[in-house]
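Encoded as structure tokens, the structure appears first; notes follow it.
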Amino acid sequence: MSRVQSKMTHYDERCNEACEIYNRIVFRLLNGENLTEAIKREILGTDYEDVLAKEPGCEPSGFVVHTFRWVLYILLNTGSFSEAVQQAANLGGDTDTIVAIIGGLAGVFYGFEGIPSHYSGVIIIKERLDRLSVQIMELRELSKQSG
């Protein structure tokens with residue numbers, strides 16, 4: 001499904017792969033896996049595997065492979081939501097996209113309580129997001145129960 005959704009706006013297979021990896025990481029995080037382990041397991045054998053050992057050798061551009069390399073590298077080399085978001089914001093290049101992707105993954109891993117109030121306190125649609133989060137968790141529990 002991740003690939004199908006990606007194809008609605010991006011016709012490059014590399015975009016489809018990045019979306020699938022992102023969602024597989026989210027799935028692992030929602031099932032209690034550690035962020036570093038979730039990333040490692042999903043990028044082994046892909047073009048992103050080299051970020052485990054070194055900084056990406058590319059600019060943080062809008063090209064999906066470059067963007068996702070920086071996302072993964074920053075997440076693997078920071079220890080908090082704030083640190084990851086700040087490092088991404090200070091990176092330059094396609095900062096808004098990189099921060100958005102990092103914010104999504106880091107938010108799932110660190111949870112709402114791991115997001116500093118100076119970030120979370122300015123969320124405009126917080127009540128809608130709270131309701132949606134509860135609905136997602138309810139669906140997750142139903143899915144677990146049905147096997």
Side-chain angles (χ1 to χ4, degrees), residues 1-49 51-52 56 60-147:
M1 288 310 298
S2 298
R3 288 175 180 268
V4 171
Q5 290 294 320
S6 175
K7 288 178 184 180
M8 291 177 67
T9 56
H10 296 81
Y11 304 104
D12 190 321
E13 180 55 31
R14 294 169 292 197
C15 295
N16 304 334
E17 178 187 40
C19 286
E20 181 179 356
I21 292 169
Y22 178 97
N23 285 319
R24 286 178 165 278
I25 292 168
V26 168
F27 179 80
R28 289 180 177 280
L29 296 175
L30 289 173
N31 283 287
E33 199 164 320
N34 175 279
L35 179 62
T36 300
E37 284 306 310
I39 291 171
K40 284 180 180 179
R41 287 183 180 204
E42 292 305 328
I43 66 172
L44 287 177
T46 72
D47 290 338
Y48 302 104
E49 186 173 10
V51 300
L52 296 171
S61 69
F63 176 51
V64 65
V65 175
H66 297 173
T67 295
F68 207 52
R69 283 181 188 279
W70 280 104
V71 164
L72 297 169
Y73 178 79
I74 290 170
L75 287 169
L76 288 167
N77 291 283
T78 55
S80 69
F81 181 91
S82 289
E83 187 181 359
V85 168
Q86 287 172 3
Q87 188 171 334
N90 292 327
L91 187 61
D94 193 22
T95 301
D96 58 335
T97 303
I98 294 170
V99 170
I101 297 169
I102 284 175
L105 289 170
V108 171
F109 179 67
Y110 294 108
F112 189 77
E113 62 281 348
I115 302 172
S117 61
H118 61 276
Y119 292 133
S120 63
V122 295
I123 296 174
I124 297 170
I125 57 170
K126 183 180 180 315
E127 291 77 24
R128 277 181 50 199
L129 292 173
D130 285 344
R131 284 193 307 273
L132 182 60
S133 297
V134 168
Q135 291 172 338
I136 289 171
M137 292 306 293
E138 288 171 351
L139 285 172
R140 179 175 173 237
E141 288 304 314
L142 285 173
S143 174
K144 280 183 176 179
Q145 292 171 6
S146 65

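E42 is linked by a side-chain hydrogen bond (donor to acceptor under 3.5 Å, both in side chains) to R28, counting only residues two or more places apart in sequence or in another chain. Checked against side-chain hydrogen bond (donor to acceptor under 3.5 Å, both in side chains), D130 has the following partners two or more places apart in sequence or in another chain: K126. For Y48, the ring pair (Phe, Tyr, Trp, His ring centres under 6.0 Å) partners two or more places apart in sequence, or in a different chain, are F68. Looking at residues two or more places apart in sequence or on another chain, you find no side chain to side chain contact (heavy atoms under 4.5 Å, CB included) involving L139. Contacts of F63 classified as side chain to side chain contact (heavy atoms under 4.5 Å, CB included), with partners at least two apart in sequence or in another chain: R14, S61, V65, H66. With sequence neighbours left out, the side chain to side chain contact (heavy atoms under 4.5 Å, CB included) criterion links S82 to S80, Q86, P116, Y119. In terms of the side-chain hydrogen bond (donor to acceptor under 3.5 Å, both in side chains) criterion, T36 has no residue partners (sequence neighbours excluded). Residues passing the side chain to side chain contact (heavy atoms under 4.5 Å, CB included) test with E37, sequence neighbours excluded: E33, N34, K40, R41.
Summarising the geometry, atom CG belonging to L72 is positioned 5.5 Å from atom CD1 belonging to I43; distances are rounded to the nearest 0.5 Å. We find the CZ-OG distance between R128 and S133 to be 12.0 Å, quoted to the nearest 0.5 Å. The distance from the CG atom of L91 to the CD1 atom of I102 is 8.0 Å, given to the nearest 0.5 Å. Summarising the geometry, atom CG belonging to L129 is positioned 9.0 Å from atom CD1 belonging to I136; distances are rounded to the nearest 0.5 Å. Distance check: L105 CG to N23 CG gives 9.0 Å after rounding to the nearest 0.5 Å.
Shown here for L29 and A38, the closest heavy-atom pair between the two residues is CD2-CB, 4.1 Å. Between I115 and G107 the shortest heavy-atom distance is CD1-CA, 4.4 Å. Of all the heavy atoms in V51 and P56, the pair that sits closest is CG1-CG, 4.1 Å. Scanning both residues, P60 and I98, for their nearest heavy atoms gives CB-CD1, 3.7 Å. Taking both residues in full, the closest heavy atoms of F81 and A106 are given as CD1-CB, 3.6 Å, listed atom of the first, atom of the second, then distance. Listed here is the closest heavy atom pair of V64 and C15: CG1-SG, 3.7 Å.
When side chains are defined from C-beta on, M137 counts as touching R140, because their heavy atoms get closer than 4.5 Å. Taking the side chain as every heavy atom from C-beta outward, L52 and L44 approach each other to under 4.5 Å.
Applying the ring-ring contact (aromatic ring centres under 6.0 Å, His included) rule to pairs touching residues 84-118 yields nothing, sequence neighbours excluded. Annotation: salt bridge (Lys or Arg N to Asp or Glu O under 4.0 Å) contacts involving residues 103-113, sequence neighbours excluded, are absent. Screening residues 60-81 for salt bridge (Lys or Arg N to Asp or Glu O under 4.0 Å), with sequence neighbours left out, gives D50-R69. For residues 88-103, the side-chain hydrogen bond (donor to acceptor under 3.5 Å, both in side chains) pairs, not counting sequence neighbours, are D94-T97.
Under the side chain to side chain contact (heavy atoms under 4.5 Å, CB included) rule, I101 has a single partner from I74, V71, L75, which is V71.
Here the side chain of E20 pairs no donor or acceptor atom with the backbone of N16 at under 3.5 angstrom.
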